[in-house]
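Take a look at the structure set out below.
Worth saying up front: this structure is predicted, and the values here are computed from it rather than measured. Chain A is the first sequence line, chain B the second, and so forth, proteins listed ahead of strands; every chain is numbered from 1.
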Amino acid sequence: MSNISNLNHQILDFATQLKAQDDNFPTLSVLNNDGQIVDEEALKRADLSNDDLVKLFSSMLLNRQLDIRSTKLAKQGRFGFFAPTAGQEASQMGTAFAFRAEDWLFPGYRDIPQVVAKGWPIYKAILWSRGHVLGNEFKTEDGQPVNSWFPQIIIGAQYVEAAGVALGLKKREQNAVAYAYTGDGGSSQGDFYEALNFAGAYHANAVFFVQNNGYAISMPRADQTAAAHLAAKGWAAGLPSIVVDGQDAIAAYLAAKEARAWAVSGKGPVLIELLTNRFEAHSTAGDDPLRYRSKEDIADWWKKDPLIRMRKYLTDQGLWSEDQEKETIAQIDARIDADIKKADQVDKQKISDYLKNTLEVPSYVMREQIKKFESEGR
Amino acid sequence: MAVKSYIEAVRDAQDLALGRDENVLIFGEDVGKNGGVFRATDGLQTKYGVDRVFNTPLAESGIGGLAIGLASQGFRPIMEIQFFGFVYETMDSIAGQMARNRFRFNGTRQMPIVVRAPYGGGTKTPEMHADNLEGLVAQNPGLRVVMPANPADAKGLLLSAIASNDPVVFLENIHLYRSLKGEVADGYYTTPLDKAAIAREGKDVSIITYGGMTPVVLNAAESLAKEGIDAEVVDLRTVSPLDIETIGKSVEKTGRVVVAQEAQRIAGISASVMAEISERFILSLRAPIGRVSAPDTVYPFAQAENDWMANADDVIAKVKEVVNYD
Ligand SMILES: Cc1ncc(C[n+]2csc(CCOP(=O)(O)OP(=O)(O)O)c2C)c(N)n1
């Protein structure tokens, strides 16, 4: 039996508390670097059919090809703004695979592939990157709505908005959730904490992801916060919060799927930290990663490429082959080419349309401006 | 004297300020090893150490609060907001707190803070990055808003801002960073705050402008000169508070005014300039005041920027309208 003195000792033992913060966040993993299953139980729980596994891997390949092609095109000045994703395919596509059409996606600027996975045509993603307003119409190729917000630039803003949608879904008794992504840097924003706290307080239908890819532009994760785990930030708001191997698509999927089930059942939000890495520059707009990280660090992470382990696992299971991969990549490339053509054919934006879209009822001055721009054909 | 880009001048000023006074601190997102995303602080961390030049976690509100706290401890913080479009995240620190603190403490405490940020457009950044939000900060008593239009002013005004005991929002035009070069004096010098400059003398019309619009207006003035219209260009430099004396002298001299800004008509500084002129110098005017601005939409998506932003032709057309009024 502990007496008051023992308890007081525990309370005041700050060093032990710090250690406990570290110990309380083991990393969920299912698939190791060599494509071997490390947790059979977890694999069963993931309940992925062979077909699912192939679909998931194909979506990761799409993600990688989009990255390779976009970076190339950006260098030729044919793409627009692009935030590379290589290294984050498991984290992005594994989690995205757990959500449904009725769920609402809140992406950051790097989370283009998740929106594409939801049915947003690639040519719209290109238009978004180029700074064309039609990129912000979230509809599938055949005009069906895509439940996604635009890729958010203001870091943290998507989190609080997701909390609002999550509460709305709960109030309307929808069988759906809002799921939002930010980065390790984003977990420092005030909006991040406010979102966790609001969604928690209302037990709203939200799943929050932090893709801890090691850097916020040049800022290493270790300098971003004293917290041992970004997931721990969810505890303060009373959320179940876990750390997941973000290079492991099956673990990412499992965590997202269970978090979704928890949130949709009205128990409240979940926070998931994905340990991943960004292999390339922060963006194609002039970032030089070698200013703030070493070549060795980058090379080490390439060894943990999420594609390698998934490919190995599928090949070992007899579900994948080199030929299949070649064919898939060729199909993806053809799709991207066709979409670039489509994006190139879209009409220029009109300033008069902008003026009509800023307010439902334009002001006197705006009406003057509309007339002026229309007369100039702009 | 050396020819420097606008951004080199900004870096030069910060280097000198760090070297002169150990209380000067620079912090913000990526200002350390990376030297800022535009390299405005390049090499300064290596030269002055991580205690003087340091990265912050990614939270603008935190950066603003940090500046207030450090200023109260006798430091002279230069805080960088990576793009002024992100300023909303820290508007309370800037407009709600640091702008009012001197007043609230009955003048017993100073807020010697410089808020540096790139602003404006024309470089096709992703949405929310570019913006002309000077009006947002200029309408707060207790803040100075400085917007240099050339490298020499960028350096001299930044050194004055750092030396000032009042908070200064120092807005650097993103388009001019690398596109504009000019003679910059070596070593430490200051350019006075609250003083407009006559960027070009003329007698037929006063074009009052500031920041990124100034080079556009100067180009327009050269074209107008070829057509026999001699325009005087007033570069406000400090947009809040306004230098009424310089504005007034120019208006009295020419009797005709065009105010030109990069911001939307509903935003920016032009409305204040026009109001001051109407109230004080209306009897010197021989024509209604003309205005050139961007249209009243949300800041445009990158691909439409060129069509959207006011250009030299817009200035020329408006000047002709005002000059040919009677
Ligand atoms: C409010 C706000 N502040 C600053 C920025 C500029 N910025 C863009 S990305 C970035 C770093 C983000 O890092 P992280 O959240 O870790 O995501 P990652 O880019 O690594 O995916 C910064 C500082 C921004 N877009 N929004």
Rounding to 0.5 Å, atoms CG (A/L105) and CH2 (A/W120) come to a distance of 10.0 Å
For chain A, which of B/K124, B/E29, B/E89 has the most heavy-atom pairs under 4.5 Å?
B/E89
Given the options B/V37, B/D42, B/T125, B/I266, which has more heavy-atom pairs under 4.5 Å with chain A than any of the others?
B/D42
Which region of [X], side chain (C-beta onward) or backbone (N, CA, C, O), has a non-hydrogen atom less than 4.5 Å from a non-hydrogen atom of chain B, or is it both or neither?
{"X": "A/T358", "value": "side chain"}
{"X": "A/Q224", "value": "both"}
{"X": "A/V133", "value": "both"}
{"X": "A/Y109", "value": "neither"}
{"X": "A/D191", "value": "side chain"}
{"X": "A/N357", "value": "neither"}

Checking ring pair (Phe, Tyr, Trp, His ring centres under 6.0 Å) for the pair A/F106/A/W149: CA distance, chi angles, key distance, verdict?
CA-CA 5 Å; A/F106 285 80; A/W149 225 249; 5.1 Å; yes
Could you tell me which of A/E376, A/H132, A/R130 has the largest number of non-hydrogen atom pairs under 4.5 Å with chain B?
A/R130
Could you check which of A/K372, A/R378, A/M366, A/K356 has the highest count of heavy-atom pairs closer than 4.5 Å to chain B?
A/R378
Could you check whether [X] pairs with [Y] (Lys NZ or Arg NE/NH1/NH2 to Asp/Glu carboxylate O, under 4.0 Å)?
{"X": "B/R11", "Y": "B/D15", "value": "yes"}
{"X": "A/K371", "Y": "A/E374", "value": "no"}
{"X": "B/D307", "Y": "A/K350", "value": "no"}

Please indicate whether A/D288 has more than 12 foreign heavy atoms, meaning atoms of other residues, nucleotides or ligands, lying under 6.0 Å from its CG.
yes
Is the ring pair A/F25/A/W235 parallel, tilted or perpendicular, if the boundaries are 30 and 60 degrees?
tilted
Ring geometry between B/H129 and A/F81 (parallel below 30°, tilted from 30 to 60°, perpendicular above 60°):
tilted
Quick one: what part of B/E305 sits under 4.5 Å from any heavy atom of chain A, side chain, backbone, both or neither?
neither
When the 4.5 angstrom heavy-atom criterion is applied to B/Q264 and chain A, the contacting part is neither
